[in-house]
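Have a look at the structure below before the remarks.
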Amino acid sequence: MLIRRAGPFTANDVTDETLYLNRREWMVGAAALVLMPGEGEAATPQGQALTATRNEALSLQETPTKFEAATTYNNFYEFGVNKEDPARLAGTLKPRPWAVQVDGLVHKPKTYDIDELLRLAPLEERVYSLRCVEGWSMVIPWIGYPLAALLRRVEPTGKARYVEFTTLLDPSQFPAQRPSFFGFSLEWPYVEGLRLDEALHPLTLLTVGMYGRVLPNQNGAPVRVIVPWKYGFKSAKSLVRIRAVADEPKTSWNRAAPQEYGFYSNVNPAVDHPRWSQATERRIGEFRRRPTLPFNGYGDQVASLYAGLDLKKHY
Ligand code: MTE
């Protein structure tokens, strides 16, 4: 199934692969030099290539956002509030060794080493757009596999109705988690959640890479979730725990500002954020704003999950 999006495109819109790879390699190298000065050992696999097969049916036919923009304009509050903070500071994050605890209301709880997690299911490349609640969006070739593949391994019990995602809590790796940090801060660790059926939806991607490489630290290395029909903040980064639970998880943004950030946070141009409109968005790299689509354009696949639910109330 092809996802139809606004805006004509041609084969010429696609970045020349060789140019793109060269530029990317250069940038990854440059980033490593800038971010990890003086580190003796290569403790992280930053920049390592990841082979994945493009899932054409679930990929947008749009030119991806430039790698440089996608890795230098980030929200990752554990590094600070400014968009450039994550790229500048993320060298302190160590994506190896790394383990992800998958537990809660499941028959077979297990703590996965990240390298085992990477091999659990065939890696796919999926070009998704990510719509941030702030009114911008990007188009990113993510690499991963359906979160459902992992959840089915651990066998959620009949009592499991939601899935909670928790980001690493470690002030030595995340400056904004230090008590001495000065500036806006959330309650740590960062927690997000989905209903179990949302988590099991085939579009929900357990994500380990982007642009043919492992995830850069600033994009949530070594593993995050991507939920393309929801505002970007639902797609929690650098996960250490995925837990099946009975009740709606208490999520970080909902705790911080419940009137502004609901649990569902489906992209919805008809429901404004209390402080700004959600009707349009700016794709990073473009000048003109474009209309925001319900469910970020994935309505055909996901609207049925919300049949009978008042999406104005459950924003
Ligand atoms: N995950 C954690 N742990 N911390 C964060 O601050 N920011 C969210 C989301 N996941 C965030 C997070 C927001 S607001 C967005 S828009 C996306 O990550 C941005 O993902 P990107 O930097 O890969 O584009």
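Position 1 is the first residue of the sequence; numbering continues from there. When a ligand or atom number is given, it counts from 1 through the structure's own listing order.
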Next item on the list: Using distance alone, decide if ligand 1 has a nitrogen or oxygen within less than 3.5 Å of any nitrogen or oxygen in W136.
Entry: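 No, W136 has no N/O under 3.5 Å of an N/O on ligand 1.
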Check: Would one find an N or O of Y73, backbone or side chain, under 3.5 Å from an N or O of ligand 1?
Finding: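 Between Y73 and ligand 1, no N or O pair is found under 3.5 Å apart.
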Item checked: Inter-residue atom distance F174.CZ - T92.OG1, 0.5 Å rounding ->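 The CZ atom of F174 sits 7.5 Å away from the OG1 atom of T92.
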Notebook entry, point to check: Atom OG1 of T207 and atom OH of Y128: how far apart are they, to the nearest 0.5 Å?
Noted result: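 OH of Y128 is found 7.5 Å from OG1 of T207.
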Nearest-contact summary for [atom] - protein heavy atom, Å:
{"atom": "atom 23 (O) of ligand 1", "result": "R224 NH1, 2.6 Å"}
{"atom": "atom 7 (N) of ligand 1", "result": "N75 O, 3.3 Å"}
{"atom": "atom 5 (C) of ligand 1", "result": "Y190 CE1, 3.3 Å"}
{"atom": "atom 17 (C) of ligand 1", "result": "G232 O, 3.6 Å"}

Margin query: Please evaluate residues F184 and Y77 with respect to the criterion ring pair (Phe, Tyr, Trp, His ring centres under 6.0 Å), reporting the C-alpha separation (whole Å), side-chain torsions for both, the decisive distance (0.1 Å), and the verdict.
Written below: CA-CA 8 Å; F184 174 84; Y77 282 79; 5.8 Å; yes
Which ligand 1 atoms, with their elements, are less than 4.0 angstrom from a heavy-atom of [X]?
{"X": "Y77", "answer": "5 (C), 6 (O)"}
{"X": "N219", "answer": "21 (P), 22 (O), 23 (O)"}
{"X": "C132", "answer": "16 (S)"}
{"X": "N74", "answer": "21 (P), 22 (O)"}

Would you check whether [X] reaches within less than 4.0 Å of ligand 1, judged by its heavy atoms?
{"X": "K234", "result": "no"}
{"X": "A236", "result": "yes"}
{"X": "S235", "result": "yes"}

Notebook entry, point to check: To which of E78, K237, M138 does the heavy atom nearest atom 4 (N) of ligand 1 belong?
Noted result: E78
Item checked: Residue selection (non-hydrogen contact nearest atom 24 (O) of ligand 1) among V81, L130, I226 ->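 Nearest option to atom 24 (O) of ligand 1, by heavy atoms: L130.
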Checklist line | Side-chain ion pair, E286 and R288, N-O less than 4.0 Å | finding: no
Notebook entry, point to check: Would R290 and E62 count as a salt bridge (charged side-chain N to carboxylate O under 4.0 Å, His left out) if you check the C-alpha gap in whole Å, the side-chain angles of each, and the deciding distance to 0.1 Å?
Noted result: CA-CA 14 Å; R290 52 168 80 200; E62 271 192 66; 3.7 Å; yes
Notebook entry, point to check: Side-chain donor-acceptor pair under 3.5 Å between Y211 and R213, yes or no?
Noted result: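 No.
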Short question: side chain of [X], backbone of [Y] - any donor-acceptor pair under 3.5 Å?
{"X": "K110", "Y": "V102", "result": "no"}
{"X": "E164", "Y": "R243", "result": "no"}
{"X": "W188", "Y": "P171", "result": "no"}
{"X": "S235", "Y": "V227", "result": "yes"}

Next item on the list: Could you see which bit of T167 sits under 4.0 Å from ligand 1, with heavy atoms only: side chain, backbone, both or neither?
Entry: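 Looking at T167 and ligand 1, just side chain atoms fall under 4.0 Å.
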